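To start, the structure itself, in structure tokens.
Chain A is the first sequence line, chain B the second, and so forth, proteins listed ahead of strands; every chain is numbered from 1. What you see is a predicted model; the values in this text were computed from it and never measured.
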Protein chains: 2
Amino acid sequence: MSKETIEVCRETIINHEKVKSARQNLPAKSEIDNLSDTFKILGDPTRLKIVIALAWEELCVCDIATVVNLSVSAVSHQLRLLRNMRLVKFRKEGKMVYYSLDDEHIENIIQLAQIHVREFSR
Amino acid sequence: MSKETIEVCRETIINHEKVKSARQNLPAKSEIDNLSDTFKILGDPTRLKIVIALAWEELCVCDIATVVNLSVSAVSHQLRLLRNMRLVKFRKEGKMVYYSLDDEHIENIIQLAQIHVREFSR
DNA sequence: TTGATATTTGAACAAACATTCAAATATATT
DNA sequence: AATATATTTGAATGTTTGTTCAAATATCAA
């Protein structure tokens, strides 16, 4: 755990000042990890589709599976990941489980990313 | 290529209307792929650190390596991915190659994600 | 031209990942 | 109780990914 603070100088440093301030401005490891985990969750087409679909309205698992054109099992595995990262929440109604978004920010993040990718004619 | 439009009904559909509108509201496959590729790039702690460091000022490869505490080679591989996704640009100055951010939106996306992850006390 | 330095590249490898399949839960219906 | 349906779970599998190492480029300096 305390290894985090050990700094090994492996390479030539060209500009000590810039390196020092860059290191200081970098968020803590835990925040970097939370951030990159959040992006990683959105970094898969299946999960992204699920999130975007749920941004409109809640859906049950088998309807989500139909929307993303995958097996219920595959979707359920992905929903577990989305649940773990607190991106979606669910409510049970008899046999059915209805999922919906758990976070307002995620929609904004996706919208911002859409503006970004639309600027390229790839 | 044209397989994209084929729809196979693998599972019980609970609510046809919701599934239909969810499918219609979903962005095209190419946009979903561009979006998830962008998030995937940010979904790795090393690359995220590089992007955040470059948000402050341009850095050469060996300084980036020191900042993220990795080998120059590992960093160069990641810079190639960031270059391919047009997230960073570079300029050569003699032996040195200086990298900087190529996109204004990315900083905003990261800031929004920071607001998101800071709301949890994980 | 020779040696030194900064960066890139390709192969290799272990770790992480997405999906499938089969089996297990959980709830509702008869 | 027995059956059917909706969902979850665990193991297995092929693929992708991040880093390392060694070698290749590229530029500078002597």
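Across A:Leu79 and A:Val88, no two heavy atoms sit closer than the pair O-CG2, 4.2 Å.
Residue pairs meeting the ring-ring contact (aromatic ring centres under 6.0 Å, His included) criterion with at least one member in residues 45-93 of chain B, sequence neighbours excluded, are B:Phe90-B:Tyr99.
Evaluation of the side-chain hydrogen bond (donor to acceptor under 3.5 Å, both in side chains) rule for B:Gln24 yields no partner, not counting sequence neighbours. Residues that satisfy the side-chain contact (heavy atoms from CB on, under 4.5 Å) test with A:Lys95, not counting sequence neighbours, are absent from this structure. The side-chain hydrogen bond (donor to acceptor under 3.5 Å, both in side chains) test applied to B:Tyr98 returns no partner, not counting sequence neighbours. B:Asp33 pairs by the salt bridge (Lys or Arg N to Asp or Glu O under 4.0 Å) definition with B:Lys29, not counting sequence neighbours. Among residues two or more places apart in sequence or in another chain, the salt bridge (Lys or Arg N to Asp or Glu O under 4.0 Å) test is passed with A:Glu93 by A:Arg91. Taking B:Glu17 as the reference, nothing meets the side-chain hydrogen bond (donor to acceptor under 3.5 Å, both in side chains) condition, with sequence neighbours excluded.
Terminal axes of the helix from C:dT1-D:dA30 to C:dT30-D:dA1 (five pairs each, C1' rotation axis) are separated by 20°, to the nearest 10°.
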Show me the side-chain donor-acceptor pairs of residues 105-114 of chain A shorter than 3.5 Å, one per line, residues at least two apart or across chains.
residue: A:His105; atom: NE2; partner: B:Glu119; partner atom: OE2; Å: 2.8
residue: A:Gln114; atom: NE2; partner: B:Glu31; partner atom: OE2; Å: 2.9

Under 3.5 Å donor-acceptor pairs involving side-chain atoms of residues 40-53 of chain A, not counting sequence neighbours:
residue: A:Asp44; atom: OD2; partner: A:Thr46; partner atom: N; Å: 3.1
residue: A:Asp44; atom: OD2; partner: A:Arg47; partner atom: N; Å: 3.1
residue: A:Arg47; atom: NE; partner: A:Ile41; partner atom: O; Å: 2.7
residue: A:Arg47; atom: NH1; partner: A:Gln78; partner atom: OE1; Å: 2.9
residue: A:Arg47; atom: NH2; partner: A:Lys40; partner atom: O; Å: 3.2

Protein N or O to nucleotides 9-13 of chain C N or O, pairs below 3.5 Å:
residue: C:dT9; atom: O4; partner: B:Ser73; partner atom: OG; Å: 2.7
residue: C:dG10; atom: O6; partner: B:His77; partner atom: NE2; Å: 2.7

Requested in this report: Let me have a per-nucleotide readout for nucleotides 24-30 of chain D, 5' to 3', with B, S or -, counting only protein heavy atoms under 4.0 Å.
Outcome: --SBS--
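Comparing C:dA18, D:dA6, D:dG18 by their nearest atom to the side chain of A:Gln78 picks out C:dA18.
At the phosphate of C:dT19, OP1 or OP2 sits under 4.0 Å from a side-chain N or O atom of A:Thr46.
Note on B:Tyr99: only backbone sugar-phosphate atoms sit closer than 4.0 angstrom, heavy atoms only; bases stay farther off.
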